[in-house]
Amino acid sequence: MSERRKPYPFDFIEPKWQKIWDEKRSFHAPNPGESNFDAAKPKFYVLDMFPYPSGAGLHVGHPEGYTATDIVARYKRFRGFNVLHPMGWDAFGLPAEQYAIKTGQHPALTTRDNVAKFKSQLKRIGFSYDWRREVNTTDPRYYKWTQWIFLKIYNSWFNPETGKAEPVTTYQGEDPDRVRLAYVAEVPVNWCPQLGTVLANEEVVDGKSEVGGFPVERKPMRQWMLRITAYAERLIKDLDGLEWSESLKLLQRNWIGRSEGAEIDFKVAQVSNLPIEKQGKLETCPTIRVFSTRPDTLYGATYMVLAPEHSLVDLIVTEEQWPEVRAYRERTSRKSDLERTELSKDKTGVFTGAYAINPVTNQKIPIWVADYVLLGYGTGAIMGVPGHDERDLEFARKFNLPIIPVVQGPYLTPEQSIGYVGDGTAINSPIIDGLPTPEAKRKIVEWLSQNGVGQPNINYKLRDWLFSRQRYWGEPFPVVWQDGQHRALDETELPVVPPSLEDYKPTGTAEPPLAKAKEWVRYSNKATRETNVMPQWAGSCWYYLRFCDPHNENRFVGETAEQYWMAGTNDENAASARPTAGRRIAKGKKAPNGTAETSPSGIRHSASPKSGGVDLYVGGVEHAVLHLLYARFWHKVLFDLGYLSTPEPFQRLINQGVILGEDNQKMSKSRGNIVNPDDVIAEYGADAFRCYEMFMGPLEQMKPWSMRGVEGVSRFLARVWRLMMRENQEGKWELSPAVQDAELTRSQQKVLHATIKKVTDDIETLSFNTAISQMMIFVNAFTNAEVVPLTAMRTFLVLLNPLAPHITSELWQLIGGPGEITEQKWPSYDEDLLAEEEVEIVLQVNGKVKGHVTMSTKATENELETAAMEHPKIKETLGGKPVRKIVVVPKKLVNIVAG
RNA sequence: GCCGAUGUGGCGAAAUGGCAGACGCAACGGACUUAAAAUCCGUUGGGCUUAAAAGGCCCGUGCCGGUUCGAGUCCGGCCAUCGGCACCA
């Protein structure tokens with residue numbers, strides 16, 4: 001492609017200003033205690049989800065969120081905030097390791113190169129990061145503290161009395177290893193043979209690994225777990241106070257999956273034909289506990305089902321049923337999760353030969369084994385109520401088990417109520433007959449409690465977090481093994497640095513690659529090191545805390561730094577940073593939880609004290625249940641232990657929408673529709689790139705890329721340039737003579753103040769697309785003006801600066817400052833200048849527009865009414881029909897209802 | 001199956017219950033130019049009326065209904081697309 005003439009010299013301007021910002025450290029946010037720290041300034045913490053620095057470099061999706069946060073960061077600085085806007089690298093993970101396996105190049109080297117590439121790309125876009133705060137999760141100075149936090153988790157337990165994590169030394173029981181928040185357990189895990197590692201539930205999608213899409217099998221293995229389930233309740237409850245989209249909160253709520261119900265104990269009926277060696281054991285284990293959200297249907301429980309892996313199966317199966325049950329168990333264990341899901345429609349199962357006693361009917365009911373009951377949820381056993389559960393009904397019909405209706409649905413006969421799963425009235429249930437479902441539940445649970453055969457209970461879908469991986473490129477555990485016991489290392493022994501390996505390949509067995517480094521593994525004569533490593537998510541669980549104080553060598557984050565940056569918004573301080581003018585009545589638009597309000601100046605703040613934390617966090621929705629849940633969990637543990645001042649890390653969270661290719665399809669190599677930011681910047685400049693990303697549409701919406709669109713925005717910036725600059729005879733740019741110290745005309749004043757208002761409001765609500773539209777209107781209004789008043793240009797440049805920082809910095813300098821644009825104050829608008837003296841009033845008859853009339857804004861309702869009735873067009877339309885009603889909306893319209 | 005989000009011109013989109021389509025793209029016409037690009041100015045939802053223009057009339061925000069003087073916006077019911085969950089008892 002031949003070199004296109006640049007519409008304005010962005011190729012000169014942009015590197016120039018990026019260099020100046022770098023050298024002057026223009027965007028460094030001082031911490032409390034630093035010499036240039038200003039305690040009078042309120043803080044604002046605006047955070048991006050830091051990237052995994054892949055070899056492919058940035059794609060256009062990354063800078064979408066990054067641009068949004070950068071605009072807010074620059075805007076808040078104008079507004080007088082001390083703005084924390086950092087960037088770093090989430091660099092542990094599979095791709096660097098897979099590359100190491102292929103090439104033998106150490107992942108640290110790959111990571112270093114990729115980070116350098118990402119960083120230079122980000123700098124080319126002109127983001128105002130405080131690069132002095134850069135962190136890298138693979139840096140020993142960073143993961144030392146990741147390991148340190150692990151030690152805190154390991155050395156804590158969740159005290160159900162206080163509902164908080166406490167040091168494990170406060171635990172009164174015998175074996176603290178049973179209650180630690182980090183523990184080792186032999187559990188069925190997701191094993192991925194191709195990746196040679198286990199994966200968390202969250203990393204398995206449709207029975208395949210999220211990374212690579214390889215099949216995953218269930219396999220019992222001894223692994224490190226984190227007791228996130230202890231926090232299930234708080235992780236749900238604390239969502240209420242957060243300014244997140246309701247749909248995102250719902251995603252987390254569903255993932256945690258809270259269900260209220262009851263646990264009910266069923267006695268196993270004594271059976272005579274049990275083998276002798278099992279009869280004794282049965283005495284000691286006489287009950288099967290189930291969980292049900294519908295204890296009110298207990299009378300309809302006509303059978304029970306145990307999960308195939310349930311430990312009681314061994315004890316209760318009769319001798320004659322044993323071969324069949326064993327065969328069934330083997331069949332299911334061979335099934336992958338995928339198969340188990342795919343075949344879900346077709347129920348399978350076998351009878352154990354044993355019976356249980358229904359505690360309310362005292363009837364003997366058969367006990368089955370079936371894989372539609374999962375070991376991991378509830379107790380791994382259920383009562384089968386075919387009358388009012390779809391799955392149980394299907395199962396009962398297939399195996400001819402009795403079906404009894406015990407809930408009568410509205411407008412249904414008892415017979416018709418079979419298969420009805422909603423609330424209704426209890427029937428065929430002597431203790432609760434006639435009661436509506438909620439009361440029936442309450443009463444039956446009360447009865448169960450009194451009789452010692454059940455109690456209310458809450459269950460969660462959330463499982464404990466499988467925290468170990470059989471890989472190389474991750475944080476080693478600060479743990480050693482001795483005599484089959486795990487033991488945490490002392491804090492003074494951190495960081496635990498992984499050994500360098502010749503061969504990074506997973507062993508294909510449960511033994512991690514680190515085990516190959518025999519020297520390293522040998523900790524002492526008696527003890528060996530843990531060879532598993534932590535999962536990729538570990539580093540990202542707390543990076544936002546490290547940003548507050550990234551170079552602290554004595555603490556994961558300094559106390560004063562943490563308290564300053566993670567504090568709740570101090571409204572008094574925020575008020576002092578607000579402009580003095582620009583009063584307007586708040587709309588309170590888009591308040592997600594009903595408590596947030598819009599202040600007179602348009603700054604959103606909460607009526608009740610905020611829980612604090614990061615003030616604005618922007619990132620992809622793909623982290624809705626992984627990173628965001630894990631980080632909240634770690635944060636709460638550290639909060640409980642007294643290390644943090646807020647219970648939640650991220651107060652306001654926005655998910656940017658996915659950017660599609662020009663063909664409206666997801667960008668992918670195979671489709672060949674990937675847009676490379678470098679190419680766009682080379683052709684149109686970083687400012688055009690930034691503005692286009694924001695002009696495309698609402699931030700949270702999915703939207704397709706368009707090169708034509710970039711061109712349009714680039715034209716807009718060129719018009720801004722030519723508003724103040726013109727080309728002379730030699731083809732050099734020089735200041736336009738139209739730019740003068742001059743008074744604004746009335747209409748210029750109006751559009752200027754309308755633009756201040758609109759841009760200010762829109763940045764507050766992250767509606768950058770309409771902010772740009774308004775600035776286009778402004779530029780259109782001044783294009784071809786014979787006199788371009790300097791003051792208007794100064795104001796406008798500040799408004800545009802957060803979006804297009806380079807061109808505005810250059811123009812600011814060219815029109816003679818004063819100072820640098822970044823040192824300016826955000827402009828305020830004057831409502832009086834916005835007010836029109838005259839407005840066009842819409843005249844309607846029966847809701848249809850029939851004419852217009854221009855009236856003073858001071859016109860009374862009577863005057864408006866009279867003007868409407870005298871309008872010839874209205875008279876004509878009415879044609880003498882009787883007027884029944886006249887609706888007058890001041891400054892807007894008159895609607896005459898007639899006929 | 002359950003839950004959620006979204007449906008507006010040729011395209012991206014905008015619109016505190018008050019003139020639907022701001023702003024931009026594309027298209028078309030004009031100015032400038034030897035010419036083109038760039039730039040600037042203008043037109044641009046659909047249909048009918050008209051020789052033409054001006055003007056006028058009708059229809060139009062996925063579909064059906066409701067509330068209202070007035071609905072893209074609020075309410076009820078559907079449909080479609082996208083996303084999440086998916087035997088969770």
Side-chain angles (χ1 to χ4, degrees), chain A residues 4-5 7 205-206 245-251 253-255 257-259 261 290-294 297 301 305 340-341 343-347 370-374 376-385 388-392 394-395 459-463 585 587-589 621-622 624-625 657-658 662 664 692 695-698 700-713 715-716 718-719 722 727 767 769-777 779-780 783-784 840-852 873 884-889 891-898:
Chain A
R4 223 167 46 88
R5 206 182 147 283
V205 178
D206 291 334
S245 72
E246 273 312 306
S247 57
L248 182 63
K249 288 185 186 180
L250 209 66
L251 229 53
R253 284 198 192 99
N254 290 344
W255 190 265
R258 182 183 194 275
S259 313
V290 302
F291 172 74
S292 173
T293 54
R294 293 299 298 271
T297 62
V305 182
R340 232 168 127 157
T341 314
L343 300 171
S344 67
K345 291 292 147 212
D346 200 19
K347 296 275 177 296
D371 68 359
Y372 84 92
V373 173
L374 309 172
Y377 184 75
T379 61
I382 62 151
M383 60 183 202
V385 185
H388 306 286
D389 182 283
E390 269 180 58
R391 297 149 301 179
D392 295 347
E394 196 190 332
F395 190 79
N459 251 292
Y460 301 93
K461 281 203 281 185
L462 184 70
R463 318 277 174 87
I585 301 305
K587 285 182 219 159
K589 195 180 163 188
V621 73
E622 67 272 18
V625 285
V658 176
E662 300 230 26
N664 243 302
Y692 175 65
F695 188 60
M696 289 170 81
E700 291 172 82
Q701 191 172 300
M702 185 188 288
K703 45 213 176 264
W705 187 267
S706 155
M707 275 304 175
R708 300 278 199 187
V710 184
E711 222 167 294
V713 170
R715 274 203 283 266
F716 158 66
R719 281 160 74 94
R722 288 195 312 268
E727 226 167 355
S767 311
N769 54 332
T770 46
I772 294 170
S773 294
Q774 180 61 38
M775 288 192 274
M776 287 173 169
I777 292 170
V779 171
N780 291 346
T783 297
N784 294 336
E840 194 174 62
I841 302 293
V842 176
L843 305 180
Q844 296 179 329
V845 174
N846 292 337
K848 301 210 165 175
V849 182
K850 293 295 168 190
H852 299 90
K873 183 71 199 169
R884 288 192 305 194
K885 186 175 177 181
I886 299 179
V887 181
V888 179
V889 182
K891 297 187 204 178
K892 280 257 159 60
L893 62 69
V894 180
N895 184 17
I896 297 160
V897 188

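Since the model is a prediction, treat every value here as computed from it, not as a measurement. Order of the sequence lines sets the chain letters (A, B, ...), proteins ahead of strands, with each chain counted from 1.
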**Asked** What interatomic distance, in whole Å, is found between P of B:C57 and the corresponding atom of B:U67?
**Response** 28 Å
**Request:** Using both distances under 3.5 Å as the test, list the Watson-Crick or G-U wobble partner of B:G7, or none.
**Result:** B:C79
**Request:** For nucleotides B:G12 and B:A71, find the distance between their P atoms and express it as a whole number of Å.
**Result:** 27 Å
Pairs under 3.5 angstrom, nitrogen or oxygen only, protein versus nucleotides 55-57 of chain B, please.
| unit_1 | atom_1 | unit_2 | atom_2 | d |
| --- | --- | --- | --- | --- |
| B:C57 | OP1 | A:Lys873 | NZ | 3.3 |

**Prompt:** Does A:Thr783 or A:Val713 map to a spot on RNA chain B nearer the 5' end, using the closest nucleotide for each?
**Reply:** A:Val713
**Request:** Measure the spacing between CZ of A:Phe716 and CE of A:Met775 and express it to the nearest 0.5 Å.
**Result:** 5.5 Å
**Asked** Does A:Lys461 get its side chain close enough to the base of B:C85, under 3.5 Å, for a donor-acceptor pair?
**Response** no
**Asked** When you measure from the side chain of A:Tyr692 to the backbone N and O of A:Ser706, does any donor-acceptor pair fall under 3.5 Å?
**Response** yes
**Request:** Return the value, rounded to whole Å, for the distance between atom NZ of A:Lys249 and atom P of B:G83.
**Result:** 25 Å
**Prompt:** For A:Gly257, which contact category applies under a 4.0 Å heavy-atom criterion: base, sugar-phosphate, or nothing?
**Reply:** nothing
**Prompt:** When rounded to the nearest Å, what value does the distance between P atoms of B:G7 and B:C75 take?
**Reply:** 15 Å
**Prompt:** Between B:C85 and A:Arg253, is there an OP1 or OP2 to side-chain N/O distance shorter than 4.0 Å?
**Reply:** no
**Partner nucleotide, any strand, of B:G17 [Watson-Crick/G-U, under 3.5 Å]** = none
**Message:** Measure CD/A:Gln701 against P/B:G7 and give the value in whole Å, please.
**Reply:** 7 Å
**Request:** Considering only atom P, compute the distance from B:C82 to B:G66 and round it to an integer number of Å.
**Result:** 32 Å
**Prompt:** Just checking A:Asn459: base, sugar-phosphate only, or nothing, at a heavy-atom cut-off of under 4.0 Å?
**Reply:** nothing
**Prompt:** Can you tell me how far CD of A:Glu394 sits from NZ of A:Lys347, rounded to the nearest 0.5 angstrom?
**Reply:** 4.0 Å
**Complete:** Looking only at B:G24, B:C69, B:C3, the nucleotide nearest the A:Asn254 side chain is B:C3
**Prompt:** Which whole-number value in Å describes the distance from A:Glu711 CD to B:A38 C1'?
**Reply:** 11 Å
**Message:** Output the rounded distance in Å from CH2 (A:Trp255) to P (B:G4).
**Reply:** 19 Å
**Request:** For B:A27 and B:G45, measure between their C1' atoms and round to the nearest Å.
**Result:** 14 Å
**Complete:** Taken to the nearest whole Å, CE/A:Met707 to P/B:A26 is 14 Å
**Point-to-point distance, once rounded to the nearest 0.5 Å, from CE of A:Met383 to CG of A:Asp389** = 9.5 Å
**Request:** Please check the phosphate of B:C69 (OP1 and OP2 only) for any side-chain N or O of A:Lys885 closer than 4.0 Å.
**Result:** yes
**Item:** Nucleotide B:G70, atom P - distance to CZ of A:Arg884 in whole Å
**Value:** 10 Å
**Request:** May I ask you to say what A:Leu251 touches in the nucleic acid, namely base, sugar-phosphate or nothing, with a heavy-atom cut-off under 4.0 Å?
**Result:** sugar-phosphate
**Request:** Summarise how protein sits on nucleotides 17-22 of chain B as a single string, 5' to 3': B when a protein heavy atom is under 4.0 Å from the base, S for sugar-phosphate-only contact, - for no contact.
**Result:** -BB--B
**Request:** Provide the distance between the two P atoms, one in B:A37 and one in B:A26, to the nearest whole Å.
**Result:** 13 Å
**Counterpart base for B:A86, defined by Watson-Crick or G-U wobble contacts under 3.5 Å** = none
**Request:** Tell me, yes or no, whether the heavy-atom count around A:Glu622 atom CD, taken from other residues, nucleotides or ligands under 6.0 Å, exceeds 12.
**Result:** yes
**Message:** Tell me whether the side-chain N/O atoms of A:Arg715 come closer than 4.0 Å to OP1 or OP2 in B:A38.
**Reply:** no
**Request:** Please check if any side-chain donor atom of A:Arg258 sits under 3.5 Å from a side-chain acceptor atom of A:Asn459, or the reverse.
**Result:** no
**A:Lys249/A:Glu246 ion pair, N-O < 4.0 Å** = yes
**CD1-OG1 distance between A:Ile777 and A:Thr770, expressed to the nearest 0.5 angstrom** = 10.0 Å
**Request:** Give the rounded distance in Å between these two atoms: CZ of A:Arg722 and C1' of B:C41.
**Result:** 14 Å
**Complete:** So CD of A:Glu840 and NZ of A:Lys892: to nearest 0.5 Å the spacing works out to 13.5 Å
**Fill in**
When rounded to the nearest 0.5 Å, the distance separating CG of A:Leu893 from CD of A:Gln844 is 5.0 Å
**Request:** Indicate whether OP1 or OP2 belonging to B:A89 is found under 4.0 Å from a side-chain N or O atom of A:Ser259.
**Result:** yes
**Prompt:** Is the side chain of A:Asp392 donor-acceptor paired with the backbone N or O of A:Gly384 at a distance under 3.5 Å, no angle test?
**Reply:** no
**Fill in**
With syn meaning chi within 90° of zero and anything else anti, the base of B:G9 is syn
**Request:** Assign A:Arg463 to base, sugar-phosphate, or nothing according to its heavy-atom contacts below 4.0 angstrom with the strands shown.
**Result:** base
**Asked** Mind checking whether A:Tyr372 and A:Phe395 have parallel, tilted or perpendicular rings, split at 30° and 60°?
**Response** tilted
**Prompt:** Between A:Arg708 and A:Leu250, which has a closest nucleotide on RNA chain B that is more 5'?
**Reply:** A:Leu250
**Asked** Whom does B:A27 pair with, Watson-Crick or G-U wobble, provided both distances fall under 3.5 Å?
**Response** B:U43
**Request:** Starting at atom CG of A:Asn664, determine the distance to atom C1' of B:U6, rounded to an integer number of angstrom.
**Result:** 13 Å
**Asked** If we take the P atom in both B:G9 and B:A5, what is their distance in whole Å?
**Response** 22 Å
**Prompt:** For B:G55, what is the paired nucleotide under Watson-Crick or G-U wobble rules, both distances under 3.5 Å?
**Reply:** B:U49
**Prompt:** If the P atom of B:C11 is compared with that of B:G18, how far apart are they to the nearest Å?
**Reply:** 26 Å
